[in-house]
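Let me begin by presenting the structure, written as C-alpha cells, before commenting on it.
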Amino acid sequence: MDSPRTTGPRYRFAPSPTGFFHVGGARTALWNWALAHSEGGTFVLRIEDTDEARNQPEWTQGIIDALAWIGIGADDPHFEGPYFQSHYAEQHVAAAQQLFASGDAYYCDMTAADVEARNKAEGNQGYQGWSRDRGLEHGPGRVLRFRVPEGTTTVHDLVRGEVAFDNVLIEDFVLLRGNGSPMFLLANVVDDQAMAITHVVRAEEHLPNTPKQQMIWRALGHQPPVWAHVPVLVNEQRKKLSKRRDKVALEMYRDEGYMSAAMVNYLMTLGWTPKGESEIAEWPQMQADFRLEDVNHSPAFFDLKKLAAFNGEYIRMLTPEQFLAACRPWLFSDNAPFTADRFDEAKFLAMAPHIQPRCVTLADAAGVIDFLFLADPVIDRAAWAKTFAAPESVAVLRASTAAYEVLPLWNAEALKATLEITGEAHGLKLGKAQAPVRVAVTGRTVGPPLFEALEALGRDESLRRMRVAEAAVA
RNA sequence: GGCCCCAUCGUCUAGUGGCCUAGGACACCACCCUCUCAAGGUGGCGGCACGGGUUCGAAUCCCGUUGGGGCUGCCA
C-alpha cells in the first residue's frame with residue numbers, strides 16, 4: 001500500500017470485475033468520491049478479484065475506464081489505487097490463522113452436501129455449528145468457520161440508523177474455503193483494515209453482511225469503520241438492477257452518446273437532491289453539498305426517459321465548438337451516414353444551434369444533418385409521395401427553383417422571404433410551401449430549419465437537388 | 001420459511017409536528033410560439049398504502065396491517 005496522500009477520512013470503492021461496469025456501482029462510486037473530496041479525504045479503489053471462476057482481466061480495465069469517464073481517476077490527488085484483492089491473499093490467510101489461534105474460528109470438514117443432508121434429516125436450515133467443539137486442525141478440504149458469539153450485534157449506519165441483529169440467527173460462516181482461499185467477508189475486512197479505511201459506503205444489499213463483518217473487525221482487534229448502506233437501484237419491476245436482465249453497463253451509455261456530465265448529474269439525483277432550485281447542477285456544487293444523512297432510504301428506479309431529458313439539457317448547454325468536439329466520435333465512425341472526407345466543420349458549426357435542440361444523444365447529430373454531407377440526400381419514399389401528391393407542390397418547387405436561381409444574396413433571410421412570396425403566388429402559406437423544397441433538398445419532411453440549411457448547403461448544390469427532384473416528379 | 005430494510009403523484013424527489021389547499025422535475029395531455037420537426041413558454045392530469053394511537057394540531061412521532069425489496073453460497 002502506498003503512503004496516503006491525504007490525512008482525512010478514507011473511503012473506498014470495491015467492485016468485482018465480473019462484467020460491465022454497473023450504473024448502480026457508478027452511483028455508489030460517485031457518492032464516495034464526493035465525500036472523499038469534500039472532506040479532504042481519500043477514495044481508494046480496490047478490485048475484488050478473488051472469484052477466480054468469474055473474473056476476467058478485461059473487466060478490470062473496463063472499470064477503470066468507466067470510472068475515468070465519470071471523472072474518477074488516478075490524476076486526482078484524492079484517488080488511491082487500484083489495489084487488487086488477489087495480491088493480498090497472504091494477509092487474508094494470516095488473519096484467518098489469527099482468528100483460529102484466538103479461538104474465534106474453527107475448522108470444519110463438512111461439505112456443502114453434508115450440511116444440506118444433515119439439515120434435511122433434522123429439518124433445519126443453515127449451518128448449525130456442528131464442528132464447533134470437535135477441535136479439528138487445519139487439513140485438506142476443511143473450511144475455517146467463524147465462531148459467532150452469543151448476543152446482539154448492532155450496526156451504526158449513517159443512513160439506516162442503528163440496526164440490531166440477533167447473533168443466534170447468524171450461522172458460523174465460512175472464512176476460508178476448503179482449498180484454503182479466503183472468502184469475501186474476510187478478505188474485504190482484512191483489506192479495509194490494511195488500507196486504513198474509515199468509511200464503508202456501499203449498496204444496501206450488503207447490510208445483512210455487516211454484522212458478520214463487524215464481528216470480524218472486532219475479533220481482529222480493530223474498531224469497525226463508519227458504515228453507510230445506500231439504497232439499491234431497481235428496474236421497472238422494482239427488482240435490483242441486474243447485469244443479466246437490465247441495461248446497466250455504463251460503457252454502453254457512453255457509446256450511445258450520453259454525456260458524462262449528464263450521466264453523473266442524473267446518477268447523483270437517484271436518492272439525493274442537489275441543493276438549490278434545480279436538479280441540474282454542477283459537479284463542484286454537488287460534491288460540496290452531498291451528505292449521506294440526506295440520502296433517501298428507498299430504492300430508486302433508473303429511468304431512461306429522465307436520463308435522456310438530462311442529456312438533452314446538457315447537449316443544449318454546449319457551445320457549437322464543444323458540441324462538435326463531443327460529436328466527433330459519431331461523426332467519424334464507420335456507422336456515420338456520410339464519409340469523413342465529405343464532412344465540413346464550418347457547415348456543422350453554423351448549423352449546431354439548430355442541431356442541438358433536436359438531439360437526445362450525441363449520436364443523433366449525424367442523422368439530423370446527414371443531407372448536408374451526403375452527395376445526394378436519402379429520400380424518404382413515404383414523405384416524397386405524400387408531399388408531391390399535392391399538385392401545387394410540383395409547381396411551387398419549379399417556381400422556387402427559378403426564383404432561387406436569380407437570388408442576389410444566398411442567405412437564410414432572403415431564401416425565406418423568396419419562398420414566402422412564391423408560396424403566396426400559389427395560395428400557400430410558408431408551412432405548406434416549404435415542404436416540397438425541404439423534401440427535394442433533405443429527403444425528408446422533418447428536420448432543422450430549412451433556410452439555414454439551404455444557406456449552409458450552398459446555392460449550387462441546393463439548386464442541383466431541386467432540379468433533380470423536379471425531373472423526378474415530372 | 002427466517003432475518004433485515006423500505007413505503008409522498010406513473011417515475012425521481014421537496015417535506016424533519018402548524019408555513020401543506022402537499023412544492024418541483026421527468027413522462028403524459030392541451031394551448032401558445034413557429035417554415036417542418038424539435039427546443040421554449042403557459043396550463044392541466046396526478047400522490048402522503050391502510051388501520052389505530054400520541055397531540056390543540058400529523059405526510060412528518062409510536063404501534064399494527066398490507067405491500068415491495070434485500071439477504072439467507074466453500075459468489076462478491
Side-chain angles (χ1 to χ4, degrees), chain A residues 14-18 48-55 85 108 110-112 115 125-127 141-145 155 157 159-161 163-166 168-171 173-185 187-188 203-211 229 231-232 234 236-240 266 269-273 277-280 296-310 312-313 315-316 353-360 368 383 387 412 415-416 419-420 423 429-435 437-439 442 444-453:
Chain A
S16 58
T18 56
E48 305 222 321
D49 55 349
T50 51
D51 182 353
E52 289 154 27
R54 291 196 302 162
N55 288 328
Q85 187 159 70
C108 172
M110 291 177 73
T111 64
V115 172
Q125 271 191 330
Y127 180 77
R142 290 180 179 174
V143 299
L144 184 70
R145 287 181 180 274
V155 171
D157 189 294
V159 345
R160 307 286 152 190
V163 187
F165 297 85
D166 185 348
V168 169
L169 299 164
I170 301 175
E171 66 175 32
F173 52 93
V174 174
L175 261 15
L176 250 31
R177 299 187 181 89
N179 66 8
S181 65
M183 297 243 338
F184 160 76
L185 251 18
N188 192 259
E204 190 191 355
E205 65 205 73
H206 288 291
L207 187 53
N209 288 150
T210 309
H229 290 88
V232 294
V234 297
E236 220 153 0
Q237 283 76 241
R238 299 247 122 215
K239 304 267 192 225
K240 189 175 72 163
Y266 176 61
T269 68
L270 252 25
W272 177 75
T273 311
E277 70 290 347
S278 175
E279 58 187 354
I280 301 290
N296 216 71
H297 292 191
S298 33
F301 169 53
F302 185 81
D303 186 357
L304 239 43
K305 286 218 177 109
K306 188 134 185 183
L307 204 215
F310 268 62
E313 290 264 6
I315 285 177
R316 277 170 249 132
H354 306 298
I355 306 170
Q356 285 166 269
R358 291 170 175 79
C359 290
V360 170
V368 174
T387 301
L415 289 159
K416 181 182 179 186
L419 192 55
E420 254 168 355
K429 298 236 182 195
L430 192 53
K432 287 280 186 195
Q434 58 93 42
V437 179
R438 179 182 290 280
V439 172
T442 74
R444 292 185 285 258
T445 50
V446 300
L450 178 61
F451 307 108
E452 282 76 2

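Residue numbering restarts at 1 for every chain, and letters A, B, ... go by the order of the sequence lines. Quick caveat: nothing in here was measured; it's all calculated off a predicted structure.
Nucleotide B/G40 holds its P atom 12 Å from the CD1 atom of A/Ile315, rounded to whole Å. Here B/C6 presents its P atom at 9 Å from CG of A/Leu207, a figure rounded to the nearest Å. Between the CG atom of A/Asn296 and the C1' atom of B/U8 there is a distance of 10 Å, given to the nearest Å. A straight line from OH of A/Tyr127 to C1' of B/G73 spans 15 Å, rounded to a whole angstrom. Nucleotide B/U11 holds its P atom 9 Å from the CZ atom of A/Phe301, rounded to whole Å. Across the protein-nucleic acid pair, A/Lys240 atom NZ and B/C6 atom P stand 17 Å apart, rounded to whole Å. Atom CZ in A/Arg358 sits roughly 11 Å away from atom P in B/U36 (whole-Å rounding). Nucleotide B/U11 holds its P atom 23 Å from the CH2 atom of A/Trp272, rounded to whole Å.
For A/Glu204, whose side chain is taken as the heavy atoms from C-beta onward, the closest listed nucleotide among B/C5, B/A38, B/G73 is B/C5. Nearest to the side chain of A/Val446, among B/C5, B/C6, B/U36, sits B/U36. Comparing B/A76, B/G73, B/U11 by their nearest atom to the side chain of A/Glu171 picks out B/G73. When distances are taken from the side chain of A/Arg316 to each of B/G40, B/A76, B/C5, the shortest belongs to B/G40.
Between the C1' atoms of B/C33 and B/G41, the separation comes to 8 Å (whole Å). B/A27 sits 24 Å from B/U36 when the C1' atoms are compared, rounded to a whole Å. For B/U8 and B/C61, the P atoms lie 13 Å apart once the distance is rounded to whole Å. On the C1' atoms, B/U65 is 33 Å away from B/A25, given to the nearest whole Å. B/A7 and B/C12 have their C1' atoms separated by 15 Å, with the value rounded to a whole Å. Between B/A39 and B/C28, the two P atoms lie 9 Å apart (nearest whole Å).
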For nucleotides 28-35 of chain B, just jot down a letter per nucleotide in 5' to 3' order: B, S or -, based on protein non-hydrogen atoms under 4.0 Å. -------B
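For the side-chain hydrogen bond (donor to acceptor under 3.5 Å, both in side chains) test, residues two or more places apart in sequence or in another chain that qualify with A/Glu279 are A/Lys306.
Formation of a donor-acceptor pair under 3.5 Å by the A/His206 side chain with backbone atoms of A/His229 is not found in this model.
At a cut-off of 3.5 angstrom, the base of B/A25 holds at least one donor-acceptor pair with the side chain of A/Lys306.
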